[in-house]
Amino acid sequence: MAKMNFGGVEENVVTREEYPLAKALETLKDETIAIIGYGVQGPGQSLNLRDNGFNVIVGQRKDSKSWDKAVADGWVPGETLFDIEEACQKATIIEYLLSDAGQISVWPTVKKHLTAGKALYFSHGFGITYKERTGIVPPADVDVILVAPKGSGTSLRRMFLQGRGLNSSYAIFQDATGKAWDRVIALGIGVGSGYLFETSFKREVYSDLTGERGTLMGAIQGIFAAQYEVLRQNGHTPSEAFNETVEELSQSLMPLIAENGMDWMYANCSTTAQRGALDWWKKFRDATRPVFEELYSEVACGNEAQRSIDTNSQPDYRAKLEEELREMRETEMWQAGAVVRKLRPENN
């Protein structure tokens, strides 16, 4: 584990050079890793572990779309694909990758198979951090660890297939065996992390919930919608409004930021664009900071967690979710986006 300086602050970081795949395989050579859940993170993590040579099985509800997806991905019923209870029984490491609401409902089944010396692995700190609300309290004689890839399972898998890695955080909530650190780092390397940075279960869920509702998803959609609507109200066409709001950002500017940072992106734009961005960014910061402060407070006090639990546990959740996504998909902005994407050169 190395100390890295991030803007004057030192953090613990583990790289693939420091902890290579061969070492990770040796660490977990006697372990059976069960991936419980085959939804958002399950496919990417399980397939990457399998391709990297680890002993992996999948536990999923039979007669579900996710079970069928697992079969299509090459998991074999009775050999590498089992119902959840049988997979938990066979495993020495249980990767608990169901949705937060799903983790609550299945917890009694998983808990009874957490015998001494096993490890319980999460990719989100939700269940443990809000244990008073979720009821997820692991036995004292198992390791409780976390690897949280900073992106979707789809991105994790795509980057793995490209020979790249998606950065992940890692945390240890409970080290019952004395092997928790090696277990969590080996798993982090195995699932395809670029580098691993240290956190805690609480910090992970607080930052994750804030980020998802903020600049990663909620805030960015809100800002897109506001700018697009102002442009349209002032006579700009849907194509022009979408290109200036979304397409240029996602296809041109974000890659520059990813390559060398915001200042480098500014330096590679026109002087007029530079001047305007420098004049206006602090106004946007000052306008949105109160919203972020309110958001973080709602996350920290548990209100956001409870809203998620209450809403996502409803029997009609999926139907309501699809209706909300349909409403967004059918807005003029994203209908324009669908046309713009079809017109990209790689699609013609």
Side-chain angles (χ1 to χ4, degrees), residues 39-44 65-66 69 99-101 124 149-159 161-162 166 207-259 262 265 269 273 276-277 280-281 283-285 287-292 294-295 298-299 304 307-308 311-312 314 316-348:
V40 177
Q41 282 289 334
K65 290 181 180 179
S66 295
K69 183 180 186 326
S99 68
D100 296 321
H124 192 21
K150 296 298 103 180
S152 70
T154 301
S155 298
L156 182 73
R157 181 61 176 167
R158 182 180 296 141
M159 292 175 74
L161 292 174
Q162 294 169 348
L166 185 63
S207 61
D208 190 67
L209 292 183
T210 299
E212 289 167 349
R213 287 147 180 77
T215 59
L216 302 179
M217 295 174 69
I220 199 71
Q221 165 63 12
I223 291 170
F224 282 167
Q227 178 170 304
Y228 182 90
E229 289 166 9
V230 167
L231 289 173
R232 289 289 288 125
Q233 287 167 4
N234 283 278
H236 299 271
T237 65
S239 179
E240 185 170 56
F242 186 85
N243 273 280
E244 291 294 345
T245 300
V246 179
E247 189 75 353
E248 185 173 351
L249 174 67
S250 62
Q251 300 302 300
S252 174
L253 301 183
M254 278 299 181
L256 297 182
I257 297 170
E259 191 173 342
M262 185 70 77
M265 183 269 278
C269 293
W280 279 87
W281 81 262
K283 293 183 181 181
F284 282 105
R285 177 200 62 190
T288 58
R289 179 155 181 160
V291 181
F292 280 98
E294 178 187 358
L295 168 56
E298 287 291 286
V299 169
E304 277 299 303
R307 273 193 284 272
S308 293
T311 302
N312 298 352
Q314 296 298 314
D316 60 350
Y317 164 69
R318 290 289 176 187
K320 288 182 176 178
L321 170 65
E322 179 51 38
E323 176 59 26
E324 289 181 284
L325 295 178
R326 183 195 62 77
E327 181 182 352
M328 183 186 297
R329 184 169 59 247
E330 293 182 359
T331 60
E332 185 190 88
M333 179 173 69
W334 290 112
Q335 289 293 301
V339 176
V340 170
R341 288 192 295 275
K342 289 179 182 178
L343 291 171
R344 289 176 187 162
E346 66 267 24
N347 294 328
N348 290 292

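Computed from a prediction, not measured in an experiment: that's the story for all the values here.
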>> Taking atom CD as the centre, does Q162 end up with more than 12 heavy-atom neighbours from other residues, nucleotides or ligands that are less than 6.0 angstrom away?
In response: yes
> For the residue pair G214 and F292, what are the closest heavy atoms and their distance?
Replying inline: CA-CE2, 3.7 Å
> Quick one: CG on D316 to CG on L321, what's the gap to the nearest 0.5 Å?
Replying inline: 11.0 Å
>> Quick check: do Q227 and M333 have side-chain heavy atoms less than 4.5 Å from each other?
In response: no
> Is a salt bridge present between E298 and R213, judged by a nitrogen-to-oxygen distance below 4.0 Å?
Replying inline: no
> Can you name the nearest heavy-atom pair linking S250 to P255, along with the distance?
Replying inline: O-CD, 3.6 Å
> About how many Å separate OG of S66 and NZ of K69, when rounded to the nearest 0.5 Å?
Replying inline: 8.0 Å
> So, the side chain of T331 versus the backbone of M328: is there a donor-acceptor pair under 3.5 Å, distance only?
Replying inline: yes
> Do the side chains of N243 and E248 get nearer than 4.5 Å, heavy atoms only?
Replying inline: no
> Just wondering, are more than 12 heavy atoms of other shown residues or ligands nearer than 6.0 Å to CD in E294?
Replying inline: no
>> Rounded at 0.5 Å granularity, tell me how far CG in L231 sits from CD in Q233.
In response: 9.5 Å
>> Any non-hydrogen side-chain atom of P43 less than 4.5 Å from a side-chain atom of R157?
In response: no
>> Can you confirm whether Q41 sits close enough to H124 that some side-chain heavy atom of one is under 4.5 Å from a side-chain heavy atom of the other?
In response: no
> Within a strict 4.5 Å, meaning less than it, do heavy atoms of the D100 and N312 side chains meet?
Replying inline: no
> For the residue pair V299 and T210, what are the closest heavy atoms and their distance?
Replying inline: CG2-OG1, 4.0 Å
>> Quick check on R326: does its CZ atom have over 12 non-hydrogen neighbours (other residues, nucleotides or ligands) under 6.0 Å away?
In response: yes
> Taking the side chain as C-beta and beyond, is there a heavy-atom pair between V246 and Y228 under 4.5 Å?
Replying inline: no
> Can you tell me how far the CD atom of E327 sits from the CG atom of L325, to the nearest 0.5 Å?
Replying inline: 10.0 Å
>> Taking salt bridge (Lys or Arg N to Asp or Glu O under 4.0 Å) as the cut-off, I'd like each qualifying pair that reaches into residues 331-348, sequence neighbours left out, listed once.
In response: R232-E332, E247-R344
>> Just verifying a value: how many Å separate S207 OG and L216 CG, rounded to the nearest 0.5 Å?
In response: 9.5 Å
>> Within this structure, what is the CD-OG distance for the pair E212 and S308, rounded to the nearest 0.5 Å?
In response: 8.5 Å
> What are the two closest non-hydrogen atoms of A336 and F242, and how far apart are they?
Replying inline: CB-CB, 4.2 Å
>> For R329, is the CZ atom crowded, meaning more than 12 foreign heavy atoms sit under 6.0 Å from it?
In response: yes
>> Tell me whether the count of non-hydrogen atoms from other residues, nucleotides or ligands lying under 6.0 Å of CZ in R285 goes above 12.
In response: yes
> Has the side chain of N347 got a donor or acceptor atom that lies under 3.5 Å from a matching backbone atom of L343?
Replying inline: no
>> In the structure I gave you, are the side-chain heavy atoms of F224 and L249 within less than 4.5 Å of one another anywhere?
In response: yes
